[in-house]
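Structure first, then comments.
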Amino acid sequence: MNLNNQIIIFILITFYFSLINCDSEICKQKYMEAITNQNPEGVEMIFLATGQGIPNDLGDYDLCTILETAHHCVVSFGLNVSGIIKNFKWGFCIPKECTQDDVSDVVSLYISIFYSFATVSDQPMDVFCADTFHPNVSIGVIITLIVIAAFSFFVLFGTFLKSNQNQNQNQNQNQNQNHLKKSNWKTFWIHFFDSFALQTNWKKLIQKHPDSTLKHLNGIRVLSIFWIIYGHTFVMQLSFGYNNEAFYFGDKGQIHRLPFQFLFASEFAVDTFLFLSGFLMAHLAFERRKSFNIGLFYFHRFWRILPTLGFVLLVFIFLSPFLGNGPYFGKLIEFIHHSCGNYWYSSLFFFSNFYPKQFGQQCMSWVWYLGVDTQFYIISPIFLYSFFYSPLFGLSLVSSFIIVSIALNFWIVHHWNINYYVFGEFHEDLDDRIYSKPHTRIPPFLVGCALAMFLYLLKSKENNQINQKENDENQIQKSKSKSKSKIISEIISILILLASLTLLIAIIVIPYDNYKESGTKWSVNTSAWYIGFSKFGWGIGIAGIVFIYYYYPTLKSIVKDFLSLDIWTPLAKLTYSSYLVHPFVIAIVSYSSRILHNHSTLALLYNSTVNGILGFFFGLVVYFLIERPFMNIERFIIE
């Protein structure tokens with residue numbers, strides 16, 4: 001008799017004696033019928049579809065679901081082995097008459113008999129049976145489908161109208177365009193449907209940025225969103241479960257190795273977006289200083305992000321149950337129904353980083369970033385008007401807010417005794433009190449504002465110098481020193497680039513000193529210094545890169561050429577929709593798995609790449625359906 005058969009018999013004997021103590025008589029009866037072949041489906045149910053013991057065997061979900069007399073349940077529990085908590089998931093194919101309580105009782109007794117060296121952790125044992133999840137076609141589902149159908153019709157009809165217009169164009173394009181402006185294109189509905197036309201929006205997608213000095217920002221945005229996807233892939237698959245947790249969390253696991261700091265540092269990609277938000281907001285405001293309108297300033301912000309957010313939120317809440325299935329998929333839907341049923345409005349109206357209080361319980365928890373960014377946007381006119389009034393006062397106010405934020409980080413870390421280690425016992429305080437709060441995350445945004453202010457002053461100074469009348473002797477002097485000045489500028493820019501890259505790399509690798517010792521090496525004071533200054537330092541590092549390529553547009557470098565590749569231009573325009581959609585995709589794919597994830601570093605990179613591609617694909621769909629059309633509609637409404 002081979003080892004596998006011994007294990008199976010071992011489990012059967014165990015369950016036989018376990019079921020004697022089970023309170024449900026009907027469960028005992030049906031289970032014994034399966035074991036003794038009185039139930040013709042017993043062999044498939046017990047021998048083939050049930051997980052073959054601990055650890056982490058979910059069994060054969062698909063085989064179990066086709067059996068008329070059985071249902072599939074997954075038990076999640078933790079075992080305390082010598083003070084170390086090990087988390088497990090075990091799948092059962094059991095008679096439909098057996099309840100979740102029956103399974104819990106059986107597993108508890110099984111553990112007490114055969115894992116006497118361990119005790120069940122204080123965390124409650126969780127039993128989820130797949131047949132308790134039944135997607136229903138509710139009113140919300142119907143409304144969501146109607147919304148999708150309506151916008152799909154707008155796209156198709158707008159594309160049809162645009163196609164007919166192109167076919168009827170005269171050879172003289174300019175005359176035809178003027179004719180359209182004077183006749184049909186003044187009507188609301190023509191403008192409306194043209195906003196949804198694929199031809200119109202495809203041109204917008206691939207259109208290059210008119211300001212070449214900002215082209216390198218596209219590469220920064222795309223690389224940052226892929227970095228975020230990399231981190232989200234790890235976190236969401238971890239929430240479902242890894243079959244080989246020792247690969248990551250063992251004494252010699254990946255979290256104790258230096259290369260893995262790149263994964264943990266993916267949170268700084270969010271700070272990159274906060275920096276870019278502050279920089280672009282202030283930069284555009286300064287360009288339109290004479291015509292700056294605070295009403296349009298706020299209107300543009302909410303019109304720009306609310307329709308897309310609302311649409312994705314609608315699909316996430318009502319269509320998720322129909323987009324996947326698996327032994328643990330219903331558990332994901334349970335969480336979505338709970339979080340979105342209670343807190344959808346905090347995500348839609350940009351305060352999910354405050355409510356609910358526990359981080360991760362929000363509806364579409366990743367939109368906490370939109371809350372933080374929008375809150376910064378709301379208060380940003382304070383800094384803009386201060387700068388308009390007095391540049392020195394504006395820069396001083398920005399600096400003061402940065403100092404206050406750093407001081408608050410120090411105080412929070414010391415007050416709550418927080419250690420910078422995401423797997424430590426204080427990780428909830430780190431998430432709830434620091435990670436998602438505007439007063440702790442504002443430094444990168446303000447550094448972006450400050451850089452825009454600084455560049456505006458430099459540009460104004462240069463324009464004044466150009467307008468000044470200079471005599472011929474000064475012109476000759478200027479011509480002679482031009483080549484020397486160019487060399488000095490190149491040297492300075494190279495030094496700034498090296499310093500910026502060094503700073504960014506240092507911020508990524510410094511926590512390795514704590515992670516390699518499982519979070520036991522750093523004191524609270526050390527954590528306070530790192531948490532207090534890392535966000536500000538990251539903003540400074542990104543600012544250095546943005547500055548040299550903006551202020552020295554003729555400067556040539558491999559980094560600039562890479563960040564300015566044309567491929568980044570359309571992808572950068574998809575980052576918002578992809579940001580909203582990609583965690584949705586990762587969750588559906590992860591929780592539809594029939595087995596726990598069994599990963600290596602290459603597998604994580606592969607899954608992250610696939611998730612990124614899927615995220616951008618569905619982001620493209622949302623871009624054509626909602627995001628870009630509303631941007632077009634905003635333009636003709638304002639005009």
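Atoms considered below: every heavy atom in the structure, side chains included; atoms not considered: hydrogens, waters and symmetry mates. All values reported here derive from a predicted model rather than from experimental measurement.
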Residues 216-237 vs side-chain hydrogen bond (donor to acceptor under 3.5 Å, both in side chains), sequence neighbours excluded, gives R221-T575, H232-H582, T233-N611, Q237-H599
Nearest heavy-atom pair of G324 and S592: which atoms, and what distance? CA-OG, 3.5 Å
Does F547 have its ring centroid less than 6.0 Å away from the ring centroid of Y550? no
Could you walk me through whether D432 and K357 pass the salt bridge (Lys or Arg N to Asp or Glu O under 4.0 Å) check? CA-CA 7 Å; D432 298 341; K357 292 182 178 180; over 6 Å; no
For K437, which residues count as a salt bridge (charged side-chain N to carboxylate O under 4.0 Å, His left out) partner, sequence neighbours excluded? none
Identify, with sequence neighbours excluded, every residue that meets side-chain contact (heavy atoms from CB on, under 4.5 Å) alongside W303. F299, F630, I633, E634, I637
Compute the ring centroids of F618 and F584, then answer whether they are less than 6.0 Å apart. no
Classify the ring geometry of F533 against W529: parallel below 30°, tilted from 30° to 60°, perpendicular beyond 60°. parallel
L309 and S347: which non-hydrogen atoms are nearest, and at how many Å? CD2-O, 3.6 Å
For the rings on Y515 and H256, is their centre-to-centre separation under 6.0 Å? no
Hey, can you pull the donor-acceptor pairs under 3.5 Å for the side chains in residues 441-449, sequence neighbours left out?
| residue | atom | partner | partner atom | Å |
| --- | --- | --- | --- | --- |
| R441 | NH1 | Y435 | O | 2.8 |
| R441 | NH2 | D271 | OD1 | 3.0 |
| R441 | NH2 | D271 | OD2 | 3.0 |

Could you tell me whether the side chain of Q261 and the main chain of V509 form a donor-acceptor pair under 3.5 Å? no
Distance-only, no hydrogens or angles: does the D429 side chain make a donor-acceptor pair with backbone N or O of I418 under 3.5 Å? no
Please report the closest heavy-atom contact between T308 and S577, naming both atoms and the distance. CG2-OG, 4.0 Å
Can you list the steps and then say if E287 with L284 is a side chain to side chain contact (heavy atoms under 4.5 Å, CB included)? CA-CA 5 Å; E287 281 192 344; L284 293 175; 4.0 Å; yes
Can a side-chain donor-acceptor contact be found between S277 and D373 if the only test is distance below 3.5 angstrom? yes
Less than 4.5 Å apart, side chain to side chain, heavy atoms only: is that true for F350 and Y377? no
Is the distance between the ring centroids of F275 and W538 under 6.0 Å? no
Using ring centroids (six-membered ring only for Trp), state whether Y369 and Y579 fall under 6.0 Å. yes
Trace of the side chain to side chain contact (heavy atoms under 4.5 Å, CB included) decision for L625 with F311: CA-CA 10 Å; L625 205 62; F311 176 78; 3.7 Å; yes
Residues two or more places apart in sequence or in another chain: which of them pass salt bridge (charged side-chain N to carboxylate O under 4.0 Å, His left out) with R289? none
Look at the side chain of E334 and the backbone N and O of G330, then say whether any donor-acceptor pair between them is shorter than 3.5 Å. no
Pairing residues for L332 by the side-chain contact (heavy atoms from CB on, under 4.5 Å) criterion, not counting sequence neighbours: F329, I336, A587, I588, Y591
What do the steps show when you test S527 against N419 for side chain to side chain donor-acceptor pair (under 3.5 Å), and what is the final call? CA-CA 6 Å; S527 295; N419 186 0; 3.1 Å; yes
Just by distance, no angles: are the side chains of Q361 and N342 close enough, under 3.5 Å, to form a donor-acceptor pair? no
side-chain contact (heavy atoms from CB on, under 4.5 Å) involving S399 - partner list, sequence neighbours excluded: none
Which pair of heavy atoms, one from V367 and one from C363, lies closest together, and at what distance? CG2-O, 4.0 Å
Got a donor-acceptor contact below 3.5 angstrom from the Y456 side chain to the H283 backbone? no
Taking side chain as C-beta onward, heavy atoms only, is T526 less than 4.5 Å from D513? no
side-chain hydrogen bond (donor to acceptor under 3.5 Å, both in side chains) against Y420, all qualifying residues, sequence neighbours excluded: E267
In residues 383-398, what donor-acceptor pairs under 3.5 Å come from side-chain atoms, sequence neighbours left out?
| residue | atom | partner | partner atom | Å |
| --- | --- | --- | --- | --- |
| S386 | OG | I382 | O | 2.6 |
| S390 | OG | F393 | N | 3.3 |
| S396 | OG | L392 | O | 2.7 |

Of the non-hydrogen atoms in I402 and F536, which two are nearest, and what is the gap between them? CG2-CD1, 3.6 Å
Closest approach of F273 and I225, non-hydrogen atoms and distance? CE1-N, 3.8 Å
Test your reading of the model: is there a side-chain donor-acceptor pair from S590 to the backbone of M236, 3.5 Å cut-off? no
Going through the distances and angles, do F264 and F423 end up as a ring pair (Phe, Tyr, Trp, His ring centres under 6.0 Å)? CA-CA 11 Å; F264 300 136; F423 302 109; 5.7 Å; yes
Between F268 and F262, is the gap from one ring center to the other below 6.0 Å? no
Go through the structure and list residues passing side-chain contact (heavy atoms from CB on, under 4.5 Å) with V524, not counting sequence neighbours. V413, H414, N417
Y530 side chain to I507 backbone, donor-acceptor under 3.5 Å: yes
Counting N and O atoms only, with roles assigned by atom type, does the side chain of K204 sit under 3.5 Å from a partner on the main chain of P629, one being a donor and the other an acceptor? no
With sequence neighbours excluded, residues passing side-chain hydrogen bond (donor to acceptor under 3.5 Å, both in side chains) with R304: E627
Can you tell me which residue pairs pass the side-chain hydrogen bond (donor to acceptor under 3.5 Å, both in side chains) test with a partner in residues 445-454, sequence neighbours excluded? none
